[in-house]
Amino acid sequence: MGNSRLDSFQQSIKNFFKQSTEYDINHPSETPTGYNGWRWLSIALAALLIFSIINKSTELSHEEIPYSQFLKAVKDNQISNVIVTEKYMLGKLKNGEPFMTFPLWNEELAELMATHNVEYVVRSSESWLSNIFFNWVMPMVILVLIWSWLFGRTAAAGRDFLNIGNKIRIHPETAAKITFAEVAGADSAKQELKESIDFLKTPEKIQQLGGRMPKGVLLVGPPGTGKTLLARAVSGEAQVPFFNISGSEFIELFVGVGAARVRELFEQARQKAPCIIFIDELDAIGRTRGGPLAIGGHDEREQTLNQLLTEMDGFDPSSGVVVMAATNRPEVLDKALLRAGRFDRQIIVDKPDLLDRIEILKLHCKALKMAHTIDLSVIARRTPGLVGADLANIANEAAIIATRYSHSEISMADFEAAIDRVLAGPEKKNRILNSEEKRRVAYHEAGHALVAEKVPTGQPVHKISIIPRGISALGFTLQLPVEEKFLSTEDELKDQLAILLAGRMAEKIVLGSLSSGAQNDLEKASEITRNMVCYLGMSKKLGALTYGKRQQLQFLPTEEAEQRNYSEETARLIDSEIKQLIDAAEQRAQEILNNQRGILDKLADLLQEKEVVVREELLALLK
Ligand code: ADP
Ligand code: MG
Ligand code: ZN
């Protein structure tokens, strides 16, 4: 029995260290000999442990007898010898039988044994060997085992984390291949990418003509327009391995790791050529070097960027590796990245236009069970400025909403709700406005809607709602553009200003006071007027000049700072011109609302009653 215990213990020890050796195989730089010594030492110690346990257990296997019986045996002269420890007594009867008992200690026992000629030895209950073992060796062994186990783990984690001097696990993706069929619209981008695909498929072709491929292709466009999707599709179309790594993954806590990763990435890619390296969110590493915060701050990022530049310079374009990258902030990229021989081919992936949006919606609605009445072009028209990711989101929301109300198929109303949700955030049904607030919001939104209908270039109002949504919106007025716009005329901007200020003016006219609800409107209006005056030359007094230079702040990349390049006097003039535009717009809104006061009241009443007013109801009122 003792043997099998020993075996199983040894087995588990072996297993324990086997894990370590397997680990070593993955990391050849680690010499296994370091572990070998440990292994034998541990096995020896374990054997010792087991030996002593067995030893102890044989001691304990003496048959226990009651103390009273022992005393009687002493008095009857039946005992030959005993070993006395502080806890128990082991002994032999004269007939050779071993026994064991737990005595009641007193001085008389020794005398009694002496008078009955019992030979006795006093010992500590543990042998010196087991004593040393249990008090010294065991704790040490346990500590060492725990330590080496922990060390093994942290070393492993550390190696994963640091990837220093080791193979970094950069593998090409093996997921299901995406093709261009899964990317709707974006035709010009696709067209340009075809070239790269041809090259990846038949690299010899271009070489025969002595040409060289552009090394780097940079996809530039707003978030959610499908840049990542396009890059994947290129690898799917060309049927080559795809190394996908995000810029932020390069940036680690420790200086030098990012650079090592870049090196490794290119090395792996060269082995798998033809293939694609795709660096998503290039701006995470590609920011301009030496910004104001660079003093001691961005060493790691700069090293990584330098390594990337070196690798891109170093590799032979005929090797069949195409480097792709994506960014939505090309303006912050280091100019060195865009130079010839690096990301010299830039492809714009813009927000989808109406036709593209229809295509994208078709793609994402393909799998949905939809009512026949649904017209995707109406939905596409309602969603100008939204990108592919938003549209995918809308299609999914519509399905979720339809499920929530147990509709058998997705209706147009479900889509409307989904659009509102994506555009304005989820409805906050539990944010209850009191009747006074509700009245105010109703007049505010009615003001926007009425002026939007009355100014010459206002886009038709599709829907007015006073259901609180998202974080701060208490209501919204949704205008639906008839067609897509790429330019705005001065008149349109002025109308826009009047519409923005109309909410506030309606509150002032009807309720006699202003409220905090117009902050968003005012922000937008201020931005429009500032643009008109400073950048669009729409002020007579200031003329056809631009004033101020916009700059991205390095340390606050989302904020813009304006660099002043005009005098104090001009600044005052700009302020007064802006003020004048705003005042004029306010004046217009006020006039329209005063003239239409009857309709304004009716519309506000209807809104308070129904909370949502759609175009038909508004038109009926306006008649
Ligand atoms: P980006 O990388 O430009 O931020 P993604 O490629 O990650 O955008 O796109 C996010 C999601 O949006 C995609 O997974 C896809 O579902 C959807 N999408 C975006 N653009 C398109 C498009 N042109 N066609 C189809 N789906 C798209
Ligand atoms: Mg992306
Ligand atoms: Zn408003």
Side-chain angles (χ1 to χ4, degrees), residues 175-176 178-190 193 218-234 244-248 278-284 324-330 347-353 355-367 380 383 386-396 422 424 440-452 461 464-466 469 472-479 496-508 514-525 589 607:
I178 291 175
T179 62
F180 273 167
E182 269 104 315
V183 189
D187 289 332
S188 61
K190 279 189 200 166
L193 287 170
L218 181 62
L219 299 170
V220 179
T225 45
K227 298 180 294 296
T228 310
L229 199 64
L230 270 170
R232 283 231 161 80
V234 170
N244 180 10
I245 190 157
S246 171
S248 52
F278 178 57
I279 304 172
D280 213 344
E281 292 153 45
L282 181 67
D283 40 295
M324 295 181 74
T327 180
N328 42 33
R329 321 199 48 220
I347 297 178
I348 310 274
V349 188
D350 214 346
K351 288 188 177 176
D353 62 14
L355 291 179
D356 283 350
R357 285 202 301 278
I358 295 176
E359 290 302 314
I360 295 171
L361 280 168
K362 265 188 201 154
L363 192 76
H364 285 284
C365 292
K366 215 162 45 185
T383 49
L386 293 198
V387 294
D390 299 328
L391 296 172
N393 197 4
I394 285 177
N396 192 41
V422 170
R440 189 177 277 279
V441 176
Y443 269 104
H444 180 107
E445 297 303 331
H448 282 312
L450 207 52
V451 172
V461 174
I464 318 163
S465 156
I466 59 165
R469 276 177 183 280
S472 65
L474 294 180
F476 69 93
T477 301
L478 193 81
Q479 291 172 263
Q496 197 62 43
L497 284 178
I499 297 170
L500 280 170
L501 296 171
R504 203 174 99 97
M505 285 322 289
E507 286 182 55
K508 197 174 169 195
L514 297 172
S515 76
S516 61
Q519 188 196 344
N520 200 315
D521 298 336
L522 295 186
E523 270 169 20
K524 278 189 205 152
L607 262 175

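Just so it is clear, the model here is predicted, and its values are computed rather than measured. In each ligand, atom 1 is the first atom listed, and ligand 1 is the first ligand listed. Below, all heavy atoms of this structure are taken into account, side chains as well, without hydrogens, waters or symmetry copies. Starting from 1, each residue takes its place in the sequence as its number.
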Just by modelled atom types, is the [Y] backbone N or O under 3.5 Å from a matching donor or acceptor in the [X] side chain?
X: His448; Y: Ala502; answer: no
X: Lys190; Y: Ala184; answer: no
X: Arg329; Y: Asp283; answer: no

Problem set entry | Within-2.8 Å protein N/O/S contacts of the Mg ion (ligand 2) |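 The answer is Thr228 OG1.
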For this session: Please find the N/O/S atom of Asp521 nearest to the Zn ion (ligand 3) and write down its name.
Result: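 Asp521's closest N, O or S atom to the Zn ion (ligand 3) is named OD2.
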Problem set entry | Test side chain to side chain donor-acceptor pair (under 3.5 Å) applied to Asp390 - qualifying residues, sequence neighbours left out |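 Not a single residue meets the side chain to side chain donor-acceptor pair (under 3.5 Å) criterion with Asp390.
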Problem set entry | Partner set under side chain to side chain donor-acceptor pair (under 3.5 Å) for Asn393, not counting sequence neighbours |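 Asn393 satisfies side chain to side chain donor-acceptor pair (under 3.5 Å) with no residue once adjacent residues are dropped.
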Taking a 3.5 Å cut-off between nitrogen or oxygen atoms, can you list every pair linking ligand 1 to the protein, with distances?
from, atom 1, to, atom 2, distance (Å)
ligand 1, 2 (O), Thr228, N, 3.0
ligand 1, 2 (O), Thr228, OG1, 2.6
ligand 1, 3 (O), Thr225, N, 3.3
ligand 1, 3 (O), Gly226, N, 3.1
ligand 1, 3 (O), Lys227, N, 2.8
ligand 1, 3 (O), Lys227, NZ, 2.7
ligand 1, 4 (O), Gly224, N, 2.7
ligand 1, 6 (O), Lys227, N, 3.4
ligand 1, 6 (O), Thr228, N, 3.2
ligand 1, 6 (O), Leu229, N, 2.9
ligand 1, 8 (O), Gly226, N, 3.2
ligand 1, 12 (O), Ala389, N, 3.3
ligand 1, 20 (N), Thr225, O, 3.4
ligand 1, 23 (N), Ala184, O, 2.7
ligand 1, 24 (N), Ala184, N, 2.9
ligand 1, 26 (N), His364, NE2, 2.9

Exercise. Can you give me the NE2-the Zn ion (ligand 3)-NE2 angle for His448 and His444, to 10°?
Worked result: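 NE2 of His448 and NE2 of His444 make an angle of 90° at the Zn ion (ligand 3), to the nearest 10°.
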Exercise. Yes or no on side chain to side chain contact (heavy atoms under 4.5 Å, CB included) for Arg504 and Asp521, after CA distance, side-chain angles and deciding distance?
Worked result: CA-CA 8 Å; Arg504 203 174 99 97; Asp521 298 336; 5.8 Å; no
Problem set entry | Exceeds 12 heavy-atom contacts within 6.0 angstrom, atom CD of Gln519 |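 Open.
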Exercise. Where do Arg232 and Asn244 land on the side chain to side chain contact (heavy atoms under 4.5 Å, CB included) test, with the steps shown first?
Worked result: CA-CA 9 Å; Arg232 283 231 161 80; Asn244 180 10; 2.9 Å; yes
For this session: Quick one: do Met324 and Leu219 satisfy side chain to side chain contact (heavy atoms under 4.5 Å, CB included)? Show the steps, please.
Result: CA-CA 7 Å; Met324 295 181 74; Leu219 299 170; 4.0 Å; yes
For this session: Carefully, step by step, assess Phe278 and Val234 under the rule side chain to side chain contact (heavy atoms under 4.5 Å, CB included).
Result: CA-CA 10 Å; Phe278 178 57; Val234 170; over 6 Å; no
